[in-house]
S.K.: 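Pasting a structure here, questions to come.
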Amino acid sequence: NFSGPAAASCKQCSPGRYAASLGETSCQACEDGWSRVPGAISAAMCKECGAECAAGANVTIMLEIEHLDCSNLTAKQAEDLATAYADDIVTSMGRGPGGRIFSLSGEASQVSLRPLQTSPSTDCRVECLMTVPEGSTLQAIAKEQNVAMLQELLQGSAILANADGASLQIVQMTMLPTSGIATTMPTMPTMPTSGAALATPVTVPVTTTGVAAGVSSIAAPTSQLAAKRRHHFDGRTGFTLLVTFLCLAACLCCVELWHVVWKRRGRRLMSRWLKTGPSDPENSETESSSSDNGETGSTSHRL
């Protein structure tokens with residue numbers, strides 16, 4: 001639904017972009033949301049993507065490149081080109097903070113290269129995973145993305161790596177939230193360890209379920225450890241509550257026992273007081289003196 005300056009026929013806008021009408025010469029980036037399928041013809045096809053397009057989200061980037069034969073690269077050439085292309089992609093995203101680039105197999109600051117057998121030449125697909133940086137969104141990155149600059153950067157990197165890519169051309173660039181990618185995706189071919197050219201490309205399927213393979217392998221043990229910690233915390237909390245309950249019950253029993261003993265002792269004291277009556281200290285002293293005088297008188301009379 002758009003026709004570029006050098007295009008002989010109309011092409012579809014890549015996901016995340018749309019053309020307002022047929023015959024446009026360029027596609028516009030989605031301001032809000034994201035279009036999941038190519039060929040969007042209005043902004044209404046940009047659906048809300050929420051956290052999948054926000055900072056910290058993982059995005060898959062795919063480039064279809066013509067006239068770049070990445071099947072005959074040595075191991076050194078492939079490594080240099082993969083590192084340079086990762087820098088080129090970040091550079092073409094404008095002056096904002098660049099996202100972190102990972103290859104499909106988890107190498108940081110590298111991309112994955114996969115040969116595409118097309119007649120009459122061999123093309124190349126560049127694939128990588130990017131983490132949206134803090135303070136940015138996928139929409140903001142797509143708006144700043146300069147595909148023409150990226151093509152020039154890729155050509156220069158190919159020349160520096162001594163790869164045959166001086167006349168390469170980007171056919172299509174696709175950026176999608178990782179959850180929108182198919183469940184299986186081929187990774188870069190296995191490169192030879194020696195300087196010999198690669199004879200037969202080998203592809204290995206990698207399962208992606210919403211996050212990068214390298215990121216998910218780290219996140220899985222973390223989630224399992226968090227679950228174990230929660231289980232351990234719940235167990236300790238239950239044991240603490242049980243001990244607290246038993247202590248409270250023991251304290252209540254002690255208070256009740258003390259109350260019963262005190263009540264019985266008080267009753268005994270009260271009953272004694274009622275039987276004997278209150279004692280007057282002065283009367284007691286008088287009675288004691290008179291008794292002493294009586295005994296003295298009787299003794300004198302006897303004498």
S.K.: Could I get the full list of side chain to side chain contact (heavy atoms under 4.5 Å, CB included) partners for Thr174, not counting sequence neighbours?
M.R.: Ser14, Pro15, Met62, Gln172, Leu176
S.K.: Is the side chain of Thr178 donor-acceptor paired with the backbone N or O of Asn58 at a distance under 3.5 Å, no angle test?
M.R.: yes
S.K.: For Val255, check side chain to side chain contact (heavy atoms under 4.5 Å, CB included) against everything at least two apart and list the hits.
M.R.: none
S.K.: Using modelled atom types and a 3.5 Å cut-off, is there a donor and acceptor pairing between side-chain atoms of Trp34 and backbone atoms of Met175?
M.R.: yes
S.K.: For residues 84-94, please give each side-chain donor-acceptor pair under 3.5 Å, one per line with the distance, not counting sequence neighbours.
M.R.:
| from | atom 1 | to | atom 2 | distance (Å) |
| --- | --- | --- | --- | --- |
| Tyr85 | OH | Leu154 | O | 3.2 |
| Asp88 | OD2 | Ser157 | OG | 2.5 |
| Thr91 | OG1 | Asp87 | O | 2.8 |
| Ser92 | OG | Asp88 | O | 3.4 |
| Ser92 | OG | Ile89 | O | 2.8 |
| Ser92 | OG | Gln145 | NE2 | 2.6 |

S.K.: List for me each residue that meets disulfide (SG to SG under 2.5 Å) alongside Cys128, sequence neighbours excluded, and say none if there are none.
M.R.: none
S.K.: Do Met130 and Val147 belong together in a cluster built from hydrophobic side chains that touch within less than 4.5 Å?
M.R.: yes
S.K.: Is Cys53 close enough to Cys49 that their SG atoms are under 2.5 Å apart?
M.R.: yes
S.K.: Run through Leu129, Val126, Leu63, Ile61 and flag the one making a side chain to side chain contact (heavy atoms under 4.5 Å, CB included) with Val111.
M.R.: Val126
S.K.: Would you say the side-chain atoms of Gln151 pair up with the backbone N or O of Gln169, donor to acceptor, closer than 3.5 Å?
M.R.: no
S.K.: Would Arg36 and Glu52 pass as an ion pair if we require N to O under 4.0 Å?
M.R.: yes
S.K.: Would a distance-only check, ignoring hydrogens and angles, find a side-chain to backbone donor-acceptor pair under 3.5 Å from Arg17 to Ala142?
M.R.: yes
S.K.: Could you tell me whether the side chain of Cys124 reaches within less than 4.5 Å of the side chain of Asp69, counting heavy atoms only?
M.R.: no
S.K.: Thr137 side chain to Ala54 main-chain N or O, any donor-acceptor pair under 3.5 Å?
M.R.: no
S.K.: For Ile65 and Val171, what are the C-alpha separation, side-chain angles and deciding distance, and is it a side chain to side chain contact (heavy atoms under 4.5 Å, CB included)?
M.R.: CA-CA 6 Å; Ile65 302 178; Val171 178; over 6 Å; no
S.K.: Using a 3.5 Å distance criterion without hydrogens, assess whether the side chain of Gln139 forms a donor-acceptor pair with backbone atoms of Ala29.
M.R.: no
S.K.: Say whether, by atom type as modelled, one donor and one acceptor occur between the side chain of Glu256 and the main chain of Cys253 under 3.5 angstrom.
M.R.: no
S.K.: Starting from Leu153, walk the hydrophobic network (Ile, Leu, Val, Met, Phe, Trp, Tyr; side-chain heavy atoms closer than 4.5 Å) and list everyone else you reach, by chain and number.
M.R.: Met149
S.K.: Could you please spell out the steps behind the side chain to side chain contact (heavy atoms under 4.5 Å, CB included) verdict for Leu116 and Glu64?
M.R.: CA-CA 9 Å; Leu116 297 177; Glu64 298 287 346; 2.9 Å; yes
S.K.: Please check this pair: side chain of Glu66 against backbone of Ile170, looking for a donor-acceptor N/O pair closer than 3.5 Å.
M.R.: no
S.K.: Do Pro133 and Ile141 touch side chain to side chain, with heavy atoms closer than 4.5 Å?
M.R.: yes
S.K.: Who pairs with Gln28 by side chain to side chain contact (heavy atoms under 4.5 Å, CB included), at least two apart in sequence or on another chain?
M.R.: Tyr18
S.K.: Are the side chain of Ser42 and the backbone of Ala20 linked by a donor-acceptor contact shorter than 3.5 Å?
M.R.: no
